[in-house]
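Accompanying notes for the structure given below.
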Amino acid sequence: MVDVAAIFKAYDVRGVVPDQLDESVARATGAAFVEVLDVLAGPGAVVIGYDMRPSSPGLAAAFAEGVTSTGADVIDIGLASTDQLYFASGRLDLPGAMFTASHNPAKYNGIKMCRPGAAPVGADSGLRDIADLVAKALTEGPATSSATGHVTHKDLLTAYADHLHDLVDLNGIRPLTVVVDAGNGMGGHTVPAVFAKGPVTIIPMYFELDGNFPNHEANPLDPKNLVDLQAKVRETGADLGLAFDGDADRCFVVDEKGDPISPSAITGAVAVRELAKHPGSTILHNLITSKAVPELITEHGGVPVRTRVGHSNIKQKMAETDAVFGGEHSAHYYFRDFWRADTGMLAALHVLAALGEQDKPASELFAEYERYVASGEINNKVADAAATVAAIEDTYSGGSNMDGVTVDHLDGLTVSAGQWWFNVRASNTEPLLRLNVEAADRSEMERVRDEVLALITGASVEEN
């Protein structure tokens with residue numbers, strides 16, 4: 001029997017295929033999705049997309065069977081990136097399901113679900129209820145219905161590309177040469193359609209759709225998966241390099257030297273551009289982004305709002321504050337004009353527009369947004385995350401040598417001083433503590449990093 005609780009995470013469904021996630025689970029999830037979101041009383045249909053993993057078409061078809069077994073209809077958009085599915089949910093005003101395991105290895109697959117208008121389905125907004133119904137259906141058998149819905153196939157790739165270009169027009173920029181590493185993921189499907197407009201010459205890498213990821217994992221957050229892109233940028237003399245993850249909802253950037261540009265710098269640059277269009281607007285940033293981000297927002301007349309990590313938190317806060325844009329340290333970028341959903345492709349267009357509207361190389365342009373030195377996320381296995389965090393807080397919350405230090409608990413533990421800050425957060429799914437440190441210079445960052453690591457483990461650990 002499938003352990004449903006093990007695969008229904010805080011924001012999506014994810015597991016090994018077929019041991020944890022198979023077509024029976026997908027079918028039951030489709031029926032439960034209709035019931036929990038009250039689809040029959042509302043829009044009457046669900047939009048479904050899927051990525052290039054070998055198991056994705058079968059899982060998506062089984063989910064569609066679950067949906068239609070209730071009498072609800074399905075709009076099948078076929079192969080899609082996750083942000084293309086969000087576009088479909090927004091444009092059609094339908095709840096949606098995307099079959100992907102994002103950046104995870106080939107043996108995994110999963111389901112990302114949303115309400116009409118790409119609104120999130122998180123643990124407290126329907127996902128737990130769906131999981132309960134799935135567990136019941138797998139134990140007692142599916143509910144029966146006399147009605148059967150219909151499946152309609154709809155190609156929205158061109159409409160998706162057109163919408164992005166309505167938001168960021170590249171026609172007036174100088175010619176650019178850009179290396180794009182799709183990682184054998186869905187960027188190989190969406191990039192040719194989106195970049196067909198504007199004076200941008202693409203040098204493609206690994207555009208062949210292959211969910212076995214024969215070249216490298218489609219996880220650009222891991223530096224080893226950027227090595228090929230960095231080498232190709234240097235070899236070709238390109239102006240920029242872009243790397244997309246497996247479902248192409250995140251985009252990572254390297255400059256003309258092949259050096260990575262941090263997601264915080266991208267967040268700052270896009271925030272400045274959005275504030276030029278929408279003066280005085282609110283911009284969100286999660287608490288792991290560089291403190292340069294709120295500084296830049298304030299300097300350009302915006303209102304920075306600090307949030308917890310995670311797309312459900314960001315989207316909820318965007319709705320509450322009417323924020324025009326939000327960015328995360330993990331290279332998720334959210335846009336009010338894109339139904340508050342995350343889209344790496346729209347962020348990439350902003351990067352190209354920012355670069356192409358002036359004459360500086362990328363390394364000089366984005367250096368303006370890099371003010372501090374960050375450790376990157378360091379994951380540490382711990383036996384008791386809560387006790388470890390408490391011990392760290394005890395160390396930093398008292399004593400004469402801790403004058404000027406502040407502590408908050410917005411998401412995990414954040415400790416701040418004049419020239420540095422760090423955050424430790426427990427993973428939702430693994431026995432890990434995630435550490436991020438930032439300081440005014442490298443020596444100070446390394447001092448604080450090593451000091452906190454000593455409290456966590458007593459030894460250095462591998463950075464992830």
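As the structure is a prediction and not an experimental result, all values here were calculated from the model. Reckoned from all heavy atoms, side chains included, excluding hydrogens, waters and symmetry mates.
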The single option from L37, L94, D73 that satisfies side chain to side chain contact (heavy atoms under 4.5 Å, CB included) with P43 is L94
Check ion pair K257-D255 (N to O, under 4.0 angstrom)
no
State which residues pass ring-ring contact (aromatic ring centres under 6.0 Å, His included) with H311; sequence neighbours excluded, sorted by chain then number.
Y11
Could you work out, with ring-ring contact (aromatic ring centres under 6.0 Å, His included) as the rule, every residue matching F325, not counting sequence neighbours?
F335
Return all side-chain donor-acceptor pairs below 3.5 angstrom for residues 192-207, not counting sequence neighbours, or 'none' if the list is empty.
from : atom 1 : to   : atom 2 : distance (Å)
K197 : NZ     : D162 : OD1    : 2.8
Y206 : OH     : D228 : OD2    : 2.7

Show, in sequence, the C-alpha distance, side-chain angles and deciding distance for T289 and R306, and conclude whether the side-chain contact (heavy atoms from CB on, under 4.5 Å) test is met.
CA-CA 9 Å; T289 55; R306 182 171 172 262; over 6 Å; no
Non-neighbouring partners of F63 that pass ring-ring contact (aromatic ring centres under 6.0 Å, His included), sequence neighbours left out:
F33, F99
Ignoring hydrogens and geometry, is there a side-chain-to-backbone donor-acceptor pair from S81 to Q84 under 3.5 Å?
yes
Would you say the side chains of N286 and T307 form a donor-acceptor pair under 3.5 Å?
no
Do K232 and D181 meet the salt-bridge criterion of a basic N to acidic O distance under 4.0 Å?
no
Residues passing the salt bridge (Lys or Arg N to Asp or Glu O under 4.0 Å) test with E140, sequence neighbours excluded, are none
Tell me which one of T267, D342, T343 satisfies side-chain hydrogen bond (donor to acceptor under 3.5 Å, both in side chains) with H332.
D342
Check ion pair R336-D322 (N to O, under 4.0 angstrom):
yes
Holding to salt bridge (Lys or Arg N to Asp or Glu O under 4.0 Å), I want the full list of residues that pass it with E256, two or more places apart in sequence or in another chain.
none
When the side chains of residues 115-123 are checked against the rest of the protein, which donor-acceptor pairs come out under 3.5 Å, sequence neighbours left out?
from : atom 1 : to   : atom 2 : distance (Å)
R115 : NH2    : S125 : O      : 2.7

Pair listing, ring-ring contact (aromatic ring centres under 6.0 Å, His included) test, anchored in residues 221-253, at least two apart
none
Using only heavy-atom distances, determine whether the side chains of R53 and N109 contain a donor-acceptor pair under 3.5 Å.
no
Taken in chain and number order and not counting sequence neighbours, the residues that satisfy side-chain hydrogen bond (donor to acceptor under 3.5 Å, both in side chains) with D337 are none
Anything under 30° is parallel, anything over 60° is perpendicular, the rest tilted; go ahead and classify H163 against F338.
tilted
Let me see the working for N436 and E377 under side chain to side chain donor-acceptor pair (under 3.5 Å), right down to the final yes or no.
CA-CA 5 Å; N436 285 271; E377 192 155 89; 3.1 Å; yes
With a 4.0 Å cut-off on N to O distance, would you call E357 and R273 a salt bridge?
yes
Gap between atom NE2 of H278 and atom CD1 of I283 - 0.5 Å precision:
8.5 Å
One pair to check against side chain to side chain donor-acceptor pair (under 3.5 Å): Y108 and Q20. What are the steps and the verdict?
CA-CA 9 Å; Y108 288 88; Q20 295 176 300; 5.8 Å; no
Pairwise side-chain contact, V253 with F366, heavy-atom cut-off 4.5 Å (strictly under):
no
Partner set under side-chain contact (heavy atoms from CB on, under 4.5 Å) for R234, not counting sequence neighbours:
Q230, D259
Holding to ring-ring contact (aromatic ring centres under 6.0 Å, His included), I want the full list of residues that pass it with F422, two or more places apart in sequence or in another chain.
Y396
Residue pairs involving residues 240-254 (criterion side chain to side chain donor-acceptor pair (under 3.5 Å); sequence neighbours excluded)
T82-D247, S102-D245, S102-D247, H103-R250, K112-D247, K112-D249, D245-R250
Would you tell me whether E370 and S262 have side-chain atoms, one donor and one acceptor, within less than 3.5 Å of each other?
yes
